[in-house]
There are 2 protein chains.
Amino acid sequence: MSNNQFKRGELYSVVNGMATTAVARRLQKNFRNAGLDITIEQWSVLYHLWKEDGLSQLELGNRTFRDKASTTRLIDNLEKQELVLRVASKEDRRINLVYLTDIAKPLQQITYELANQTMNEALLDITKEEIDIVKNVFQRVYDNLTNKDLI
Amino acid sequence: MSNNQFKRGELYSVVNGMATTAVARRLQKNFRNAGLDITIEQWSVLYHLWKEDGLSQLELGNRTFRDKASTTRLIDNLEKQELVLRVASKEDRRINLVYLTDIAKPLQQITYELANQTMNEALLDITKEEIDIVKNVFQRVYDNLTNKDLI
DNA sequence: GACATATAGTTAGTTATGCAACTAATATAA
DNA sequence: TTATATTAGTTGCATAACTAACTATATGTC
C-alpha cells in the first residue's frame, strides 16, 4: 500500500504538464510556422465544429472539457478573428449556436494535416496497443472523478 | 495509414484537458476543503522542494516542465504567501536558490495525504501495469518532441 | 397567471501559461 | 584585458483556466 501509493502520486506529476504540454506546444508551433494564427485551444473548438457544425456553447464545452466561462471567452476570441459566428437558437433563446464562417471552413484540411504530422512525431515509436491503453485509462480516470462527483 | 492516423489525432483531444484536468480540479478542491490555500501549480513546485530543498528556479522549471517566465511568477506568488524564500547563490549570483519556509515545511504531510487520497479516487480500478504503461508512453512522447527539437 | 426553480450564457477577479525582449552576471576568445 | 557570447532571471503582452456572482430566458407548480 505505502509503496504503491507513492507511485500513484508520481503519476500526477508525470501526466500533468509533461507530454500533454509538449504535444500542445509543438502543435502550436507547427500552426504558427504554417502561418495559422490560432491557438490549440481554439483549434480544439474548431475540431468539433468541423465534425458537427452549429453546436451550442455548452455542448462545445462538454466536448472540449471546459466550463462555460472558459468556453465563452474562447468563442469570443474565435468570433473576433471571424472564424466563428454566434446565432441565437429560435427554439430556445438562451442558447447560442456556434457556426463556422467561410474563413474557418477551408482551414480544416491544413490543421488536420499539421495535427497528424505532429502526432506522428510525438507518437513515433508508440504502438496502437499502447495508445488504446492510454485512452482507456484516461477515460476511466475521468469517469472515476466525474460520475460520482456528488458534492 | 489513414485510419490509424485519425486515431492518433484523437489521442490529443482525449489526453489534453480531460483526465489531467479532472485530476487537477479534484486535487485543488481537496486542498480547498482542507483549508489549504495553494494551487496545484504551487503544490507541484513545493512537491519538488520537499524532495530536495534549495533548487534553482531553472531546475524547478525543468522538473515541473515549465519555462522560466512561468516559474518566476509561480515563485513570486509562493513568496507572497511566505511559503518559499529566494536566496541568491554565492557561487553564481545570477542564480536564485529557492528554499522552503517554516510555514511550508509542515504542509508536506497533509498535501501528501490529500494527493494520495485523490489519486486513489482517480485511479480506483486502474492497475499498476496500466499506470506503468501510461508513464512510459508519456516519457517517450516527451522525449520524441524534446530530444530532436533542433529548430 | 404568478412565483419559484432551473438553465445558457456573460462578467469580474485571480492565477497561470508561453513568447519575446530585456537586465545582470558569468564565461569565452581575441 | 577588453569585447563577445551565454546564462539565469524578470517583465510586458496576449490567451486561457476556474470560481462565483450575475442576467435573461424557460419550465413547473400552485
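Proteins come first, then strands; the chains are lettered A, B, ... in the order of their sequence lines, and each starts at number 1. Predicted model, so just to flag it, every value in this text is computed and none were measured.
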Item checked: Step-by-step ring pair (Phe, Tyr, Trp, His ring centres under 6.0 Å) determination, B/Y112 to B/F31 -> CA-CA 11 Å; B/Y112 178 91; B/F31 282 165; over 10 Å; no
Rounded to the nearest angstrom, tell me the gap between atom [atom1] in [X] and atom [atom2] in [N].
X: B/F31; N: D/dT19; atom1: CZ; atom2: P; value: 15 Å
X: B/D76; N: D/dT10; atom1: CG; atom2: P; value: 7 Å
X: B/D37; N: D/dT19; atom1: CG; atom2: P; value: 14 Å
X: A/Q81; N: D/dA16; atom1: CD; atom2: C1'; value: 13 Å
X: A/I75; N: D/dA17; atom1: CD1; atom2: C1'; value: 15 Å
X: B/R86; N: D/dA8; atom1: CZ; atom2: C1'; value: 12 Å
X: B/R32; N: D/dT19; atom1: CZ; atom2: C1'; value: 7 Å
X: B/D92; N: D/dT6; atom1: CG; atom2: C1'; value: 11 Å

Check: Relative to the 5' end of DNA chain D, which residue comes earlier, A/K68 or A/E91, by the nucleotide with the nearest heavy atom?
Finding: A/K68
[X] side-chain N/O to [N] phosphate OP1/OP2 under 4.0 Å:
X: A/T39; N: D/dA16; result: yes
X: A/S70; N: D/dC18; result: yes
X: B/Q28; N: D/dT19; result: no

If you look at every strand shown and take non-hydrogen atoms under 4.0 Å, does [X] touch a base, only sugar-phosphate, or nothing?
X: A/T72; answer: base
X: A/Q42; answer: sugar-phosphate
X: A/R93; answer: sugar-phosphate

Next item on the list: For the pair B/F65 and B/Y142, name the ring-plane relationship: parallel under 30°, tilted 30 to 60°, perpendicular over 60°.
Entry: perpendicular
Next item on the list: Indicate whether any N or O donor in one side chain lies under 3.5 Å from an N or O acceptor in the other, for B/S44 and B/R63.
Entry: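 Absent: no donor and acceptor within the cut-off.
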Item checked: Contact check, side chains of B/Q57 and B/R86, non-hydrogen atoms, under 4.5 Å ->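 Yes, their side chains come closer than 4.5 Å.
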Check: If you pin A/L58 and B/A69 to their nearest nucleotides in DNA chain C, which one's is more 5'?
Finding: A/L58
Next item on the list: Specify the residue among A/N96 and B/K80 whose closest nucleotide of DNA chain C lies further upstream toward the 5′ end.
Entry: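 Checking each residue's closest nucleotide, the 5'-ward one belongs to A/N96.
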Notebook entry, point to check: Does the distance from a Lys or Arg side-chain N to an Asp or Glu carboxylate O, for A/K80 and A/D76, drop under 4.0 Å?
Noted result: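 Answer for the salt bridge query: no.
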Notebook entry, point to check: Are the charged groups of A/R140 and A/D143 less than 4.0 angstrom apart, N to O?
Noted result: no
Note to self: Distance under 4.0 Å to a non-hydrogen atom of chain B counts as contact; along DNA chain C, which nucleotides mark the start and end?
What the structure shows: C/dT15 to C/dT26
Next item on the list: Report yes or no: do B/I103 and B/I38 belong to one cluster of Ile/Leu/Val/Met/Phe/Trp/Tyr joined by side chain heavy-atom distances under 4.5 Å?
Entry: yes
